[in-house]
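One structure is given here, and the rest of the page talks about it.
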Amino acid sequence: MRIASWNVNSAKARLDHITGWLKADNADILMMQEIKSQDENFPHDAFTDLGWHIAVHGQKSYNGVAIASRFPIDDVMNGLPGDDADEQARYIEATINGVRIGNIYLPNGNPAPGPKFDYKLSWMARLYDRAVELLATEMPVVLGGDYNVLPQDVDCYDPAAWVGDALTHDDSRAAFFKILHAGYMDALRALHPSGVHYTYWDYQAGAWQRDNGLRIDHLLLSPEAGDRLTDVGIDRAPRGLEKPSDHTPIWCQLRD
DNA sequence: ATGCCCCCGTCCCGGGGA
C-alpha cells in the first residue's frame, strides 16, 4: 500500500494536478494539506467519480486538510485534541485498511518569537500527546503532512539564511525530534540517512529553477508501520507543471 | 535588507503563506 502526502495549496486551483496524479497510479492514499476550502465547497465529485473515497476537514480561505483513498475511510476524527478553542482546520485522522492515518498541517509559526510561534509550539505539544496515544494502540500509524519543520541543516538549501526562522528554530526541531524519540520513524531518513531531499520550493526568486528547496513534508511511522516500510520517495514532477503547488508529493510503500 | 509569487474573498487590496 502506497501512502502519500501533498500540500496542494488550494484543492480547487490544483484539482487537475491532483486527479491527474491519482489517475497515474502514484498512491493508494493521499493526505492533502492547505485545501483552502470549506467542506461544502470541496470538489468531492472529482474524487468519487474516480472511484476514490474522500474525507474533508476544511474552513474558509485558509488551512484545511483532506484524505483521499482507494479504500473505505473509517473512524474519522476532525481536529487535533487538546484545545477546544482551536478553530484552525489542521488535522484529520482516520483508519484505512487497518492503518491509522494522521494528516497534519502544522502551523508555520513565523515570526518567532511571537504569538504565532507560541501557537506552533503548543500545537506540536498537542501532536506529541496524540502521537503517544496512538503508539499505545499498537496499530500501524502514519503521521504525514506539512510539518513546517526543517529537521536538520541538510534539509535547507541555505541554513545560514534561515537562522532564527520558525522552521529551523531549536524549539521547533526539539518538538519534532521529541516525537521521533517517542518511537516514530522519519520514513525518508530511515531509507536515506543522508543526502538532500527537498519537498518544497518557494514561488519566488526562481527557487525551483535554482533548486533552492526545503524538506518540510514528512511521513512519521509507528514501529508497526515502520516494520512494513519497503520504499520511500519524493515525486518532483508535479512541482514542474504549469501553475504548480509550491510543495510536491512525498510517499512511502508499506508491504501488505 | 527587502521583495520577488500565489491563493482566497460579498474582491482590485490585504492577509497568509514559508
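Protein chains get the first letters and strands the later ones, always in sequence-line order, with residue 1 at the start of each. Worth knowing before you read on, the calculation uses all heavy atoms, side chains too, and leaves out hydrogens, waters and symmetry mates. This one's a predicted model, so the numbers in the text were calculated from it and none came from an experiment.
- Not counting sequence neighbours, the partners of Tyr147(A) by the ring pair (Phe, Tyr, Trp, His ring centres under 6.0 Å) test are Phe176(A), His218(A).
- Within the structure, salt bridge (Lys or Arg N to Asp or Glu O under 4.0 Å) contacts touching residues 245-256 of chain A (residues at least two apart or in different chains) do not occur.
- For residues 149-169 of chain A, every residue pair satisfying the salt bridge (Lys or Arg N to Asp or Glu O under 4.0 Å) rule, not counting sequence neighbours, is listed here: Asp153(A)-Arg173(A), Asp155(A)-Arg189(A), Asp155(A)-Arg215(A).
- Distances shorter than 4.0 Å separate none of the side-chain N or O atoms of Arg14(A) from OP1 or OP2 on dC6(B).
- Of the residues in residues 211-220 of chain A, those with a non-hydrogen atom less than 4.0 angstrom from any atom of DNA chain B are Leu214(A), Ile216(A).
- Not counting sequence neighbours, His53(A) has no partner by the ring pair (Phe, Tyr, Trp, His ring centres under 6.0 Å) test.
- Grouped by direct or indirect side-chain proximity (heavy atoms under 4.5 Å, Ile/Leu/Val/Met/Phe/Trp/Tyr only), Phe117(A) sits with Leu121(A).
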For every nucleotide of nucleotides 8-14 of chain B, 5' to 3': is a protein heavy atom under 4.0 Å from its base (B), only from its sugar-phosphate (S), or from neither (-)?
SSS----

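- The pair Asp171(A)-Lys178(A) does not count as a salt bridge, with every side-chain nitrogen at least 4.0 angstrom from each carboxylate oxygen.
- dC4(B) and dA18(B) have their C1' atoms separated by 14 Å, given to the nearest Å.
- If you check every strand for non-hydrogen atoms under 4.0 Å, Asn110(A) touches nothing.
- For residues 10-24 of chain A, every residue pair satisfying the side-chain hydrogen bond (donor to acceptor under 3.5 Å, both in side chains) rule, not counting sequence neighbours, is listed here: Lys12(A)-Ser37(A), Trp21(A)-Asp235(A).
- Here the rule is ring pair (Phe, Tyr, Trp, His ring centres under 6.0 Å) with His247(A), and of Tyr200(A), Tyr198(A), Trp208(A), Tyr203(A) only Tyr200(A) fits it.
- Across all strands shown, Asn63(A) has no heavy atoms under 4.0 Å from either base or sugar-phosphate atoms.
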Secondary-structure string, 5' to 3', Watson-Crick or G-U under 3.5 Å, | for another-strand partners, for DNA chain B
....(((((...))))).

Identify each donor-acceptor pair in which a side-chain atom of residues 41-48 of chain A lies under 3.5 Å from a protein atom, sequence neighbours left out, and give them as a table.
residue: His44(A); atom: ND1; partner: Phe42(A); partner atom: O; Å: 2.9
residue: Thr48(A); atom: OG1; partner: His44(A); partner atom: O; Å: 3.4
residue: Thr48(A); atom: OG1; partner: Asp45(A); partner atom: O; Å: 3.4

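- Every pair passing salt bridge (Lys or Arg N to Asp or Glu O under 4.0 Å) that includes a residue from residues 72-86 of chain A is listed here, sequence neighbours excluded: Asp86(A)-Arg126(A).
- When the C1' atom is compared between dC7(B) and dA1(B), the two are found 26 Å apart, to the nearest whole Å.
- Here His247(A) does not reach the OP1 or OP2 of dG17(B): none of its side-chain N or O atoms lies under 4.0 Å away.
- Residues from residues 147-161 of chain A lying near DNA chain B, meaning a heavy-atom separation below 4.0 Å, are Asn148(A) in numerical order.
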